[in-house]
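The basis for the numbers below is simple: all heavy atoms, side chains too, and nothing from hydrogens, waters or symmetry mates. Below, read A as the first sequence line, B as the second, and so on, with proteins coming before strands; counting in each chain starts at 1.
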Amino acid sequence: MRSPGGARQFGIYAALLAAAALAMTPLFWLVASVFKNPEDFFHYLFFPPANRLTLQNFVHLFTAEPFVRYMANSLFVTGTVVLLQVFLSSLGGFALAKYEFVGKRAVTLLMLAMLTLPSQMMIGPTYELVYRMGLIDQYAGLIVPSMVNVFGIFLFRQAISAVPDELYDAGRIDGASELRLYWEVTLPVIRPMIGAFCLISFMGQWNSFLWPQLIFSSQEHFTLPIAINQMQGVYRTEYGRIMSATLLSILPVTALFLLLQKEFISGLTSGAVKG
Amino acid sequence: LKASVGRRAAPYVFLLPFALSFVVFTAYPLLRSLFLAFTITNGPKSLVFVGLDNFKFMFSDPDFYRAVRNTTLFALGSVFVQLPVSLALALLLNQAFLRFRNLLRFAFFSPYLLGQVFTAVLFAVVFAPQYGLLNRGIDWLLPRSLQDLTGLGLETAWLAKPSLIMPALVMTALWMYAGFNMIYFLAALQAVDRELYDAAAVDGANAWHRFLQVTLPGIKPVLMFVVILCVIGSFQLFELPWFMLNSGAGPEQAGLTVVMYLYVRGFVPGDLGYASAVGWVLALGVLGVSLLQLRFVGGRQGGQGAGRRRKADARRTPPRVSESPEPSSERVAKGWLLKHGKRVDVR
């Protein structure tokens, strides 16, 4: 295709920049808002003059609110769930991709069917189950039901199917056990998929609200979404504090994304663009 | 042979942890919810069987219809506002001469990283009357006469006026998901055969015709996939209105969605039975809508674009020998889970 002429190029750049400005302005506004006093919050659209900048919103979060606790809870719960999901899904995906066994087709079809169902229909019985297990208002009550990710096992099955069988044959000739084939052959070569899935799984758990809201009642267990929901009710128009909590809450996801960006984009589209 | 015993046992052992947790936390709850849907429960402690009462009540409850209507409106808004914008962004970004493509792509994609909860918290303030970011922008851009005409301006109370709540939700979703959908379109556009454009140019087709005759057929499977993804996601809307409307449905319940209805009518009073019944109706509705779409829009999709796309994919994934191609429902479901993994992972 020929490149369009100068005027059209200019138009395309202008449209893209306008769209990028629309996408970025709320984020910029968010960053500016956390450094403002309540009386300045709406007075200055973005940043106030340098001498009016303040850190009091953060001070409040770290002194009057157990914000560190919320953050630690979210990091702990999300980290554990991501690790469990990666482990269970990759191990299961390995079995589905590289072995023949009785019932393989049935298992695959069953899980396929599950993929299309919205999870909300299972929340009731899961609550009942977690209640009977005595895990209401405990970290385990959130972590244990969250460790299954059917989508994960399919992603990993797909990635591991692409690993050449020769690698495994060579390993077996060298006398490697099946477990070592998983640990030392499979995992290293599917690192991009692990990266992509880590981010997908992290984002899902990090933003999860409904289930934690249902099972956690004590403040000390609250994850960030529940805590922020509560802050919205308590602080009402103290927007600076709520915005500060929001900004801090999205930093871990952003950091992880920057770290895993390349893997994430390819993992995201691999399911869709493939024929 | 010892080795082959290990090899035969291995898949069962490897699958066991996943399979066990799957049975306990997915398969069992699914079956159980089918039973619970015909009961009223007192929290998780006790229940009574009530036959079809839950469904009778649901279908006579005006709030349920309000929730369905709102959710449907949101889904339509998402498909007809979000997706054209996403596609336009992808087309612009796909220009060969473009510089800073990755930077721009990141700029468009970054709102998605916030997730629905934090996006909603942010936009609850962006939509604030008088001094909120949006109204300041409108006041700055729109001449006074147009402000009077449209009724939009500094004073607009987006989240307090029932008629403006749905537009506000659609705009917020647009901000958050436009760049996310764009990633799919961009990948699809890059897989369309360049030679087809050259051939069309030789035939004298203008840009619009090239778009209709080459681009659109080329990306059709992905387009379908994204549409279904978008609809399925929209039907599960909950956090966005909940966090934007002060943990509620807003004035005149204008922000009530089906999942919010499930939560407020099921969980808040402790009736897991009713929650399950609403869940099943939601699931069947989502399934029905997806099937309709596949039938009416996706029915004619076929070899046209698919073969071409293979070429580009071959780089990433070598062709599989023994497996049949994945059914399309799997792809749909994958994307759906990807976009809305939160609610699914958590359960």
Side-chain angles (χ1 to χ4, degrees), chain A residues 1 3 12 15-16 20 23-24 26 29-30 42 45 88 91-92 94-95 99 101 112 114-122 124-128 131 145-149 151 153 161-162 178 200 204-205 207-209 211 214 225 228 239 246 249-250 253-254 257 268-269 271-275, chain B residues 6 10-11 14-15 17-18 21-22 25-26 29-30 32-33 36 44 92 97 104 107-108 111 113-115 117-118 121-122 125-126 131 133 184 187 197 222 225 236 239 259 272 275-276 279-280 282-283 286 306 309-310 313 317-318 320 330-331 333-335 337 341-347:
Chain A
M1 229 183 350
S3 279
I12 289 169
L16 282 170
M24 297 314 282
W29 187 80
L30 168 66
F42 285 126
L45 183 54
L88 292 187
L91 198 60
F94 178 45
Y99 293 91
F101 57 94
L112 255 180
M114 293 296 175
L115 268 178
T116 53
L117 296 172
S119 63
Q120 286 89 358
M121 61 198 301
M122 290 170 244
T126 308
Y127 187 88
E128 198 186 38
Y131 174 82
S146 307
M147 65 189 182
V148 204
N149 187 331
F151 174 51
I153 199 170
S161 306
E178 303 300 314
I200 293 165
Q205 194 55 46
N207 292 304
S208 160
F209 170 68
W211 181 245
L214 285 174
I228 288 204
Y239 297 124
T246 304
S249 301
I250 61 179
V253 182
T254 312
F257 175 77
L268 192 70
T269 47
V273 184
K274 204 167 307 292
Chain B
F14 290 164
L15 209 53
F18 186 92
S21 43
F22 176 82
F25 293 107
T26 304
L30 190 72
R32 177 79 178 161
S33 75
L36 283 181
L92 291 174
F97 67 86
L104 284 164
F108 296 145
L113 291 175
L114 267 67
V117 167
F118 301 108
V121 175
L122 171 61
V125 190
V126 164
Y131 303 112
L133 182 63
Y184 286 104
Y197 286 106
V222 173
F225 165 82
Q236 299 184 48
E239 284 90 344
V259 174
L272 305 180
S276 301
W280 269 93
L282 173 69
V286 167
R309 200 151 299 97
R310 285 262 151 62
D313 294 333
T317 323
R320 272 167 272 150
E330 178 179 350
R331 290 189 292 133
K334 269 180 191 166
L337 281 159
K342 159 181 44 181
R343 273 153 287 181
V344 173
D345 300 344
V346 168
R347 207 154 289 133

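- Between B/Phe118 and A/Pro225, the closest side-chain pair of non-hydrogen atoms falls below 4.5 Å.
- Looking at B/Leu104, the atoms closer than 4.5 Å to chain A (heavy atoms on both sides) all sit in the side chain, from C-beta outward.
- For the pair A/Ile153 and B/Leu15, the minimum side-chain heavy-atom distance is below 4.5 Å.
- Residue with the most contacts toward chain A among B/Val126, B/Val121, B/Leu133: B/Leu133 (heavy-atom pairs, distance under 4.5 Å).
- Only the side chain of A/Leu214 comes within contact range of chain B, judged by heavy atoms closer than 4.5 Å.
- A distance of 5.5 Å separates OG1 in A/Thr254 from CG in B/Leu113, rounded to the nearest 0.5 Å.
- Here the shortest heavy-atom pairing between A/Ala20 and B/Phe108 reads N-CE2, 3.2 Å.
- The closest side-chain heavy-atom distance from B/Leu30 to A/Met121 is below 4.5 Å.
- Using a 4.5 Å cut-off between heavy atoms, B/Leu36 contacts chain A through its side chain alone, with no backbone atom that close.
- Here A/Gln120 contributes atom CD and B/Trp280 contributes atom CH2; the two are 13.5 Å apart, rounded to the nearest 0.5 Å.
- In this structure, CZ in B/Phe22 is found 13.0 Å from CE in A/Met147, a value given to the nearest 0.5 Å.
- Using a 4.5 Å cut-off between heavy atoms, A/Phe101 touches chain B through backbone and side chain atoms alike.
- Contacts with chain A were tallied for B/Leu272, B/Leu282, B/Val125, B/Val286; B/Val125 has the most, counting heavy-atom pairs under 4.5 Å.
- The two residues B/Ser21 and A/Leu88 have their closest heavy-atom pair at OG-CD1, 3.7 Å.
- Evaluation of the ring pair (Phe, Tyr, Trp, His ring centres under 6.0 Å) rule for A/Tyr239 yields A/Phe41, A/Phe42 as partners, not counting sequence neighbours.
- Using a 4.5 Å cut-off between heavy atoms, A/Ile250 contacts chain B through its side chain alone, with no backbone atom that close.
- Closest non-hydrogen pair, A/Glu128 versus B/Pro44, comes out as CA-CB, 4.0 Å.
- Here the closest non-hydrogen pair linking A/Pro125 and B/Ser276 is CD-OG, 3.8 Å.
- Nearest heavy-atom pair across A/Glu178 and B/Gly6 is CG-O, 3.8 Å.
- Between B/Leu114 atom CG and A/Asn207 atom CG the span is 8.5 Å, to the nearest 0.5 Å.
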